[in-house]
Structure formats: structure tokens, C-alpha cells
Amino acid sequence: MRRSKRKTSGGQAAAVAAVCILFVLTALFGLYKCFSKEPTPKPALPVGGALPGGEADAAEPGEAAAAKSAAPSQRKDRFHTILVGGLDDENGGSDTNLLVAVDAKNGKINVVSLPRDTLLDVSWSVKKLNNAYHHGGFTQTMSEVSRLLGIPVDHYITVDLRAFVELVDAIGGVDFEIPVLMDYDDPEQDLHIHFDPGLRHLDGAKALQVVRWRQNNDGTGYATADIGRIGTQQAFLMAAAKQMLSISNWDKIRTYAEIFQKWVDTDLELANLVWLGEQALTVGSDNITFHTLPGDGAGYYKGGSYYVLDAEGCLEMVNNYFNPYQRELALDDMHILVP
């Protein structure tokens, strides 16, 4: 079919737009309620397994991999995982990925940012998550996220960054608290970003500048580097989602649908999207929570700079918010490479 608690690029802007669009499909529920249909989740993975097409056996060939092919666990009822990717055509890859967990039974939606430089346990020389796209498209990205965290990824949504500008403009702009001084010029890209900290009303073009900003020309920027940028992304997402979910913007239903048709690609059917919209409407913005995979953005592996995951921290987060199984996961279910 053509058409999710806390560096930046066009890809991240696209991912923000994708999750916003997912949430505002609540409006489509009002138009197409009779077509609502719950998505079909993927079968449970074997313990330590991965989706077909991934590198489940790359790091553990032979008996070691076979030993992990235990019987799959039972899945929780009405629990779905969706990988949202922001595609940056200039870089030719999936620059930002957000994993959304919809727990319809308990009325909760959780979204975790997966840093693009996350270290993967793969055979490639550049072992970064965003490099998975170059080894098999977004299907490969889904497979690697599944293998990394030890859980199935049921569905995907990818979006072109141009949806971001159109979406923000469609809701009349967004009031947003800019956290730091942004003072950057790149004449070669004709990119000029100049904002003082504080509350600003941002149209689509200005909002794109804010979420693309990495650091100033003098090297200053977020104190926490990538994590700070992810925080701004998530804060903007919440501000935009709340505005789109407000009754005053429900007259924009047709515009949202047109943006979705033009710039979004997904394996979900319209009826599935309507069902997801219904869940978001029921849950409400207060029960939508954002996270970032625990790790060290200043980590290194064999001389390369990576976002090195905290295995124990990731295990705890996944079990608390993203585990679709009835049993708790163990570290052996995941494939987290720790230098």
C-alpha cells in the first residue's frame, strides 16, 4: 500500500511525521469505523531466533545457533509492534527508526528511538543500524531490529521527509519550546538555522530546521549529543501529536489522508490503520510514552564510533514495554554486541 524517554536529519523528521500520522489516523476511525480490523501479528520467534532474511546464524553458526532454536513463546493478546522508518533520499537509507508497541489490551502505546549508530552483531564491516538498509532495504532493517531485541517486528511504516513539512503546515504550525541556541549556516546546502531558546510557533519549514539541527558552527550543541537530539525529536512529536488529536483539527481528516497516501509506504491495510487509530483514540496522548535504548553514544568498537547498547538496560526496557511474549526475555534471546 502506498501512501510512535526522549543526530538529527531529514530522516528523523520523516520518522516524526510517520508516527504523527499513525496517531492522527484516529480521525480516520470516525470516517471508516465499519472497516476497522486488528492487524495480524507475526508468529513468535524461536528463542534467540530472527525473522527470515536476517543474519540469525551469522555470528553463531552450526550447533550454537541450533541450540537456540527452542519452541517459541506464546504471544500476548492484542499486542503489536510496528517499525517506523524515516527515509532520507539524499543519503539513500533509513536514517531514523522508531519501534512502536501498541498494547491494546492494557491501553498503552510505547515508542523507542533506535539510534542510527547502534552497534549490531553482524558480519558487515560497518556494523551500524542505519547501514542495514544498504544490505537489504527496510526488510533487512526490520530483521536486524528483531534479532537485536529478540522480538518480532510485525509491521512497518516508512515515510518520505516531505511529509513532515506538509503535515506541520496542515495543522497550522506547532508551538514548540526550542531547548538550546541554534546558530548554523551551511552555504553549500543553502541551510541556515537560527533560533534562540524559548517558545516559538513553527511552520513546516522551520520545524524541519529545528529537528535537523545537529550543532552550531562553533561546535556547541546539545550537552548529551545524540540523546539530546532524540529528546528534541520526541518532544516535538508529542507537541504535534497533541495538536493533531485536538478536536479543532479534526476538520483536517481529508488532508491527513492525502499526505499519508502521497508520502507513506506500509504493509498495513487501511482497515488495520483504522484499528490502530481507534486504539490511539482510546489510549490518548497521556498514555503514549517515549523511550531511547540505553547505551553510550561515545562508544567505540574496533576503532569505529558507535552507539554501544547497555545490554542489561535494554533487556529491562524491552521486558517492561516492548516484549510481546507472555514470558520474560533473557539476554540470550537478544543479539547485543558488547565490546
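- Contact annotation: the side chain of P152 approaches that of P324 to within less than 4.5 Å [non-hydrogen atoms, C-beta and beyond].
- Checked by atom type, the side-chain pair H80/E38 shows a donor-acceptor distance below 3.5 Å.
- Side chain to side chain, Y156 and D265 meet the donor-acceptor criterion of an N or O pair below 3.5 Å.
- Heavy-atom contacts from other residues, nucleotides or ligands closer than 6.0 Å to CD of E316 number 12 or fewer.
- Counted by atom type alone, T232 and Y222 present one or more donor-acceptor pairs between their side chains at under 3.5 Å.
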One pair to check against side chain to side chain contact (heavy atoms under 4.5 Å, CB included): Y325 and K76. What are the steps and the verdict? CA-CA 5 Å; Y325 297 142; K76 298 174 183 174; 5.8 Å; no
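- The side chain to side chain contact (heavy atoms under 4.5 Å, CB included) test with L202 is passed by exactly one of V168, V210, V211, D175: V210.
- A salt bridge between D77 and K105 is absent, with no side-chain N of the basic residue lying under 4.0 Å from a carboxylate O of the acidic one.
- Taken to the nearest 0.5 Å, the CG atom of L167 stands 5.0 Å off from the CD1 atom of I259.
- Remark: D183 CG to T220 OG1 distance equals 8.0 Å, nearest 0.5 Å.
- In the hydrophobic cluster analysis, where Ile, Leu, Val, Met, Phe, Trp and Tyr join through side-chain heavy atoms closer than 4.5 angstrom, Y321 is grouped together with V112.
- Between D186 and R214, no side-chain nitrogen of the basic residue sits less than 4.0 Å from a carboxylate oxygen of the acidic one, so the salt-bridge criterion is not met.
- No more than 12 heavy-atom neighbours from other residues, nucleotides or ligands sit within 6.0 angstrom of NZ on K206.
- Taking CG from L129 and CG from L120, the interatomic distance works out to 5.5 Å, rounded to the nearest 0.5 Å.
- Using a cut-off of 4.0 Å between Lys/Arg side-chain N and Asp/Glu carboxylate O, D333 and R147 are scored as not salt-bridged.
- Atoms CZ and CG, on R116 and N97 in that order, are 10.5 Å from each other to the nearest 0.5 Å.
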Determine, stepwise, if the pair M317 / N323 fulfils side chain to side chain contact (heavy atoms under 4.5 Å, CB included). CA-CA 9 Å; M317 176 177 289; N323 182 6; over 6 Å; no
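- For the side chain to side chain contact (heavy atoms under 4.5 Å, CB included) with H155, the lone residue among L276, L268, V100 that qualifies is L268.
- Checked by atom type, the side-chain pair H192/D185 shows a donor-acceptor distance below 3.5 Å.
- Taking CD from Q140 and CG from N131, the interatomic distance works out to 10.0 Å, rounded to the nearest 0.5 Å.
- Within the model, atoms CZ of F322 and OG1 of T81 stand 10.0 Å from one another, a figure rounded to the nearest 0.5 Å.
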Show your working on side chain to side chain contact (heavy atoms under 4.5 Å, CB included) between H135 and W124 and close with a plain yes or no. CA-CA 9 Å; H135 288 265; W124 319 323; 3.3 Å; yes
Please lay out, stage by stage, how I109 and T289 fare under the test side chain to side chain contact (heavy atoms under 4.5 Å, CB included). CA-CA 6 Å; I109 294 176; T289 308; over 6 Å; no
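- Heavy-atom minimum distance, N110 versus H291: OD1-NE2, 2.8 Å.
- For R200 and E177, the salt-bridge test fails: no basic side-chain N is under 4.0 Å from an acidic carboxylate O.
- K127 forms no cation-pi arrangement with Y301, by the criterion of a distance under 6.0 Å to the ring centre and an angle within 45° of the ring axis.
- Put simply, the side chain of L119 does not reach to within 4.5 Å of the side chain of K128, judged on heavy atoms.
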